[in-house]
Amino acid sequence: MEQRRSFIKELLQSKEVDRDVNAKGWVRTKRGNKQVAFVALNDGSTIHNIQVVIDVAKFDENLIKNITTGASLNVHGTLVRSLAQGQSVEIQANKIEIYGVADPEKYPLQKKRHSLEYLREIAHLRFRTNTFGAVFRIRHAMAFAIHKYFNDKKFYYLHTPIVTGSDAEGAGEMFKVSTLDLENIPKTEKGEINYTEDFFGKETNLTVSGQLEAELGATALSNVYTFGPTFRAENSNTPRHLAEFWMIEPEMAFYDIHDNMDLAEDMLKYLIQYALDNCMDDLKFLENRLIEEEKNKPQNEKSDMTLLEKLEFILKDDFVRLTYTEAIDVLKNSKPAKKGKFQFPVEWGIDLQSEHERYLVEKHFKKPVILVDYPKDIKAFYMKQNDDGKTVRAMDILFPGIGEIIGGSQREEVYEKLAARISEMGIPERDMWWYLETRMYGTVPHSGFGLGFERLILFVTGMSNIRDVIPFPRTPKNAEF
RNA sequence: UCCUCAGUAGCUCAGUUGGUUAGAGCACCUGACUGUUAAUCAGGGGGUCGUAGGUUCAAGUCCUACCUGGGGAGCCA
């Protein structure tokens with residue numbers, strides 16, 4: 001009877017040798033001589049390859065010739081203890097079938113290391129590299145852990161709409177959704193676009209946040225979270241921004257800002273612990289990769305911690321919590337401020353710049369920082385207004401190297417205050433009637449936050465460009481694949 | 001969008017004050033080698049120097065515009 005296919009991960013861990021096995025996967029390298037060939041085979045189940053040993057005399061010459069880097073194989077053989085160092089077990093091949101060859105003169109991936117920029121241009125094949133295999137296995141583990149975390153905490157996963165009719169979030173430029181003929185757009189008598197003829201009969205956009213809808217769910221289900229794609233049509237060209245990214249947005253009834261911060265910190269620590277418990281092989285590979293990369297860097301650019309040390313470090317202590325006002329004081333009394341080193345001067349009321357956030361997180365506190373109680377003028381309309389009349393119950397969590405990883409707030413639950421803020425900020429009330437009604441009927445104090453999924457993955461993997469932690473990045477002028 | 005650096009072989013890069021036939025490592029192909037680990041050793045093929053224009057007797061090298069990519073900034077997650 002035909003042996004059933006095993007994942008390479010299981011074979012490598014197997015203590016049971018001298019048995020028939022079947023492995024399927026893609027060739028990473030082939031080495032050898034006239035008598036014996038060694039093929040490193042990978043099937044994505046683990047970063048490690050299994051070594052397939054081929055007694056050349058037993059196989060067709062053409063078959064051996066066609067086993068090149070990138071080719072896909074079906075290997076039947078005996079799992080045996082390895083005679084050489086480097087691996088504990090290997091497959092002594094009895095039968096090999098080539099599913100698909102990979103012309104070695106054209107195959108874009110080599111056994112040697114490629115730059116991440118080059119691999120980005122061949123995103124359809126970059127999964128086949130060690131680095132991206134590790135990154136996307138970790139990405140999966142983090143997505144799974146998020147659902148597990150919230151499920152264990154009795155949160156409900158709520159699917160908020162991708163297409164939205166309101167443009168009130170103010171979270172950035174939106175992508176328009178329309179079936180109107182762009183060559184012949186229907187106009188009203190006033191000469192404006194006639195959206196009543198459009199698919200939804202009104203102007204619609206891709207979502208920039210599921211928060212407002214999640215709030216609606218929380219006012220009945222208590223604790224909900226969303227986890228879905230989010231779209232921002234900003235012309236952002238940085239290693240931290242995408243036009244299409246994934247966001248986790250929990251929303252909790254009866255949570256104040258402190259409960260909110262507790263949850264956010266607990267969740268981040270849970271996720272990092274989950275990665276350490278479940279992705280050690282991949283993390284170790286990425287750590288070594290970073291160490292290799294840093295060898296070529298000047299001393300002052302080298303990080304003082306390895307990837308694993310960085311992850312452990314986050315778990316060790318409580319995050320630092322302080323108010324925006326306290327943070328401004330820290331910054332004003334800082335060395336760079338006194339020496340005039342900040343490009344943007346520090347003054348109460350400003351939005352903190354990257355350089356300020358970096359100073360707080362990387363120089364002053366040297367650990368994650370949660371800032372609360374921001375000036376209301378630099379924050380969104382829905383945030384809970386403090387009694388001082390100047391600040392709102394907003395919180396941002398800042399991570400070393402990443403910057404803002406979470407942004408959230410307690411929400412304004414008092415109808416009059418919320419309505420006043422909406423009109424103050426010039427948001428059309430007709431778009432917000434449903435949101436306001438939750439404050440009219442059985443309103444409750446509630447809170448929530450948004451976690452940028454890719455920014456979490458950046459931190460956990462130690463990668464430095466957000467385009468390398470999402471399979472198919474969408475950025476200005478780039479929607480290939 | 002702004003600032004800045006870069007674009008030379010399949011990949012990573014070198015190429016002097018402008019000067020004759022543009023180089024290296026790796027990859028690939030051929031050969032050698034009875035257990036390799038980024039295998040090793042010998043040989044071979046491979047280039048519209050990002051694109052378009054300009055300066056010059058002469059441009060990979062200088063100038064202009066555009067395209068693409070990296071880093072920084074803004075917007076944010």
Side-chain angles (χ1 to χ4, degrees), chain A residues 28-40 48-57 65 68-70 80 82-87 90 92 102-122 129-130 169-173 208-211 227 229-249 264 292 296 301 343-344 351-355 357-358 378-380 396-399 402-408 449-459 464-470 475-478 480:
Chain A
R28 286 295 175 76
T29 67
K30 185 176 73 171
R31 299 176 288 270
N33 51 45
K34 271 203 173 134
Q35 282 70 35
V36 60
F38 303 94
V39 171
H48 303 295
N49 307 320
I50 198 158
Q51 175 156 282
V52 178
V53 185
I54 301 171
D55 187 347
V56 172
K65 212 176 159 187
T68 58
T69 301
V80 295
S82 181
L83 296 175
Q85 293 195 333
Q87 59 281 315
E90 61 194 15
Q92 191 72 47
D103 183 345
E105 281 203 61
K106 292 185 187 147
Y107 188 61
L109 287 172
Q110 299 167 8
K111 9 186 159 176
K112 227 192 147 174
R113 212 162 106 179
H114 291 291
S115 69
L116 295 172
E117 291 83 12
Y118 171 69
L119 292 171
R120 223 171 278 152
E121 290 168 18
I122 51 165
T129 63
N130 284 334
E169 283 91 342
E173 290 294 310
V208 293
S209 162
Q211 180 202 317
F227 186 177
T230 308
F231 306 88
R232 306 265 167 99
E234 299 287 348
N235 190 10
S236 296
N237 293 288
T238 84
R240 297 183 307 283
H241 289 87
L242 291 164
E244 177 184 282
F245 63 99
W246 289 67
M247 190 153 64
I248 297 101
E249 294 178 290
E292 285 296 315
N296 304 320
E301 282 177 34
Q343 198 191 332
F344 298 88
D351 214 347
L352 295 181
Q353 305 291 317
S354 291
E355 55 176 353
E357 296 181 350
R358 292 189 93 111
I378 58 172
K379 289 292 180 184
D396 282 359
I397 302 188
L398 309 177
F399 258 40
I402 311 288
E404 187 180 338
I405 195 168
I406 279 180
F449 61 82
L451 165 69
F453 186 54
E454 283 77 17
R455 290 196 180 168
L456 172 75
I457 307 302
L458 272 182
F459 186 77
S464 50
N465 193 314
I466 203 163
R467 298 164 196 207
D468 296 330
V469 298
I470 188 167
T475 53
K477 302 271 184 291
N478 189 357
E480 192 70 49

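Convention: sequence-line order gives letters A, B, ...; per-chain numbering from 1. Keep in mind that what you see is a predicted model, and the values were worked out from it rather than measured.
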Check: Quick one: A:R240 CZ to B:G71 C1', roughly how many Å, whole number?
Finding: 11 Å
Checklist line | Distance between C1' atoms of B:G74 and B:C3 (Å, rounded) | finding: 11 Å
Note to self: Would you measure the distance from the P atom in B:A24 across to the matching atom in B:A38 and give it in whole Å?
What the structure shows: 26 Å
Next item on the list: Under 4.0 Å between any heavy atoms, over every strand shown, what does A:Q343 touch: base, sugar-phosphate, or nothing? Just pick one.
Entry: nothing
Margin query: Quick check for you: to the nearest 0.5 Å, what is the distance between A:Q87 atom CD and A:H48 atom NE2?
Written below: 12.0 Å
Check: Distance-only, no hydrogens or angles: does the A:E234 side chain make a donor-acceptor pair with backbone N or O of A:E173 under 3.5 Å?
Finding: yes
Check: Any N or O donor-acceptor pair linking the side chain of A:S236 to the base of B:C76 at under 3.5 Å?
Finding: no
Next item on the list: Measure the distance from CZ on A:R455 to P on B:C75 and round it to the nearest whole Å.
Entry: 12 Å
Next item on the list: Can you run through RNA chain B from 5' to 3' and write each base as (, ), [, ], | or . depending on how it pairs? Watson-Crick or G-U wobble, both distances under 3.5 Å.
Entry: (((((((..((((.....[...)))).(((((.......))))).....(((((..]....))))))))))))....
Item checked: Approximate separation, where rounding is to 0.5 Å, of A:E90 CD and A:F38 CZ -> 7.0 Å
Next item on the list: Would you check if A:R28 and A:N130 make a side-chain contact, meaning some heavy-atom pair closer than 4.5 Å?
Entry: yes
Next item on the list: Would you mind telling me which of B:G35, B:A73, B:G69 lies closest to the side-chain atoms of A:S82?
Entry: B:G35
Checklist line | For A:T29 against A:T69, the heavy-atom pair lying closest together | finding: CA-OG1, 4.1 Å
Next item on the list: Please tell me if the side chains of A:H114 and A:E121 come closer than 4.5 Å, counting only heavy atoms from C-beta onward.
Entry: no
Notebook entry, point to check: Would you say the side chain of A:H241 and the base of B:C76 hold a donor-acceptor pair, judged only by whether the two atoms sit under 3.5 Å apart?
Noted result: yes
Check: Just how far is it from atom CD of A:Q92 to atom CD of A:Q51, taken to the nearest 0.5 Å?
Finding: 10.0 Å
Next item on the list: Could you give the distance separating B:U55 and B:C63 at their C1' atoms, to the nearest angstrom?
Entry: 7 Å
Next item on the list: For residues A:D396 and A:K379, determine if any side-chain heavy atom of one lies less than 4.5 Å from a side-chain heavy atom of the other.
Entry: yes
Notebook entry, point to check: How about A:L242 and A:I470: do any of their side-chain heavy atoms sit closer than 4.5 Å?
Noted result: yes
Check: Under 4.5 Å between any side-chain heavy atoms of A:V53 and A:V36, yes or no?
Finding: yes
Item checked: Integer angstrom distance from the P of B:G50 to that of B:G44 -> 28 Å
When you compare the protein's N or O atoms with those of nucleotides 66-68 of chain B, which come within less than 3.5 Å of each other, and at what distance?
none

Check: If the P atom of B:C49 is compared with that of B:G60, how far apart are they to the nearest Å?
Finding: 7 Å
Notebook entry, point to check: Is there ring stacking between A:F453 and B:A77, where the centres must be under 5.5 angstrom apart and the planes under 30 degrees?
Noted result: no
Next item on the list: Pick the P atom in B:G31 and in B:A58, then give their distance to the nearest Å.
Entry: 48 Å
Notebook entry, point to check: Contact class for A:R28 vs. all strands (heavy atom < 4.0 Å): base, sugar-phosphate, or nothing?
Noted result: nothing
Note to self: Rounded to whole Å, how long is the line connecting atom CZ of A:F344 with atom P of B:C3?
What the structure shows: 15 Å
Margin query: Expressed as a whole number of angstroms, how long is the span from A:K379:NZ to B:A77:C1'?
Written below: 11 Å
Next item on the list: Specify the separation, in whole Å, of atom CZ of A:F399 and atom C1' of B:C76.
Entry: 17 Å
Note to self: Need one value for A:I405: base, sugar-phosphate or nothing, where a base atom within 4.0 Å counts as base even if backbone is also close, heavy atoms only.
What the structure shows: sugar-phosphate
Next item on the list: State which residues pass ring pair (Phe, Tyr, Trp, His ring centres under 6.0 Å) with A:F449; sequence neighbours excluded, sorted by chain then number.
Entry: none
Check: Base, sugar-phosphate, or nothing for A:L456, non-hydrogen atoms under 4.0 angstrom?
Finding: nothing
Next item on the list: In whole angstrom, give me the gap between the C1' atoms of B:U48 and B:A59.
Entry: 15 Å
Margin query: Rounded to whole Å, please give me the gap between OH in A:Y118 and P in B:A9.
Written below: 12 Å
Check: Residues in salt bridge (charged side-chain N to carboxylate O under 4.0 Å, His left out) with A:D468, at least two apart?
Finding: A:R120, A:R126
Next item on the list: Check if the side chain of A:Q87 and the base of B:U36 share a donor-acceptor pair of N or O atoms closer than 3.5 Å.
Entry: yes
Next item on the list: Identify which nucleotide among B:C76, B:G74, B:U36 has an atom closest to any side-chain atom of A:D351, counting heavy atoms from C-beta outward.
Entry: B:C76
Notebook entry, point to check: Using a cut-off of 4.0 Å on non-hydrogen atoms, how would the nucleic acid contact of A:Q353 be classed: base, sugar-phosphate, or nothing?
Noted result: sugar-phosphate
Item checked: pair A:F245-A:F453: side-chain heavy atoms closer than 4.5 Å -> no
Check: Between A:I470 (CD1) and B:A77 (C1'), how many Å, whole number?
Finding: 12 Å
Check: Can any side-chain N or O of A:E355 pair as donor or acceptor with the backbone N or O of A:F344 at less than 3.5 Å?
Finding: yes
Check: Using a cut-off of 4.0 Å between protein heavy atoms and nucleotide atoms, how would you tag nucleotides 26-31 of chain B 5' to 3' with B, S and -?
Finding: SSSSS-
Check: In whole angstrom, what separates A:N33's CG from B:A32's C1'?
Finding: 10 Å
Notebook entry, point to check: Can a side chain N or O of A:N465 be found less than 4.0 Å away from OP1 or OP2 on B:G71?
Noted result: yes
Check: Below 4.0 angstrom from OP1 or OP2 of B:C33, is there any side-chain N or O of A:Q35?
Finding: no
Checklist line | Phosphate OP1/OP2 of B:G70: any A:R120 side-chain N/O under 4.0 Å | finding: yes
Note to self: If the condition is salt bridge (charged side-chain N to carboxylate O under 4.0 Å, His left out), which residues does A:E454 pass it with, not counting sequence neighbours?
What the structure shows: A:R139
Notebook entry, point to check: If you measure from the P atom in B:U61 to the same atom in B:G70, how many Å do you get, rounded?
Noted result: 24 Å
Item checked: Nearest listed nucleotide, side chain of A:R232, among B:A73, B:G70, B:A77 -> B:A77
Item checked: Residue whose nearest RNA chain B nucleotide is more 5′ - A:F245 or A:E90 -> A:E90
Checklist line | Nucleotide of B:A77, B:G71, B:A73 approaching A:P239 most closely (side-chain heavy atoms) | finding: B:G71
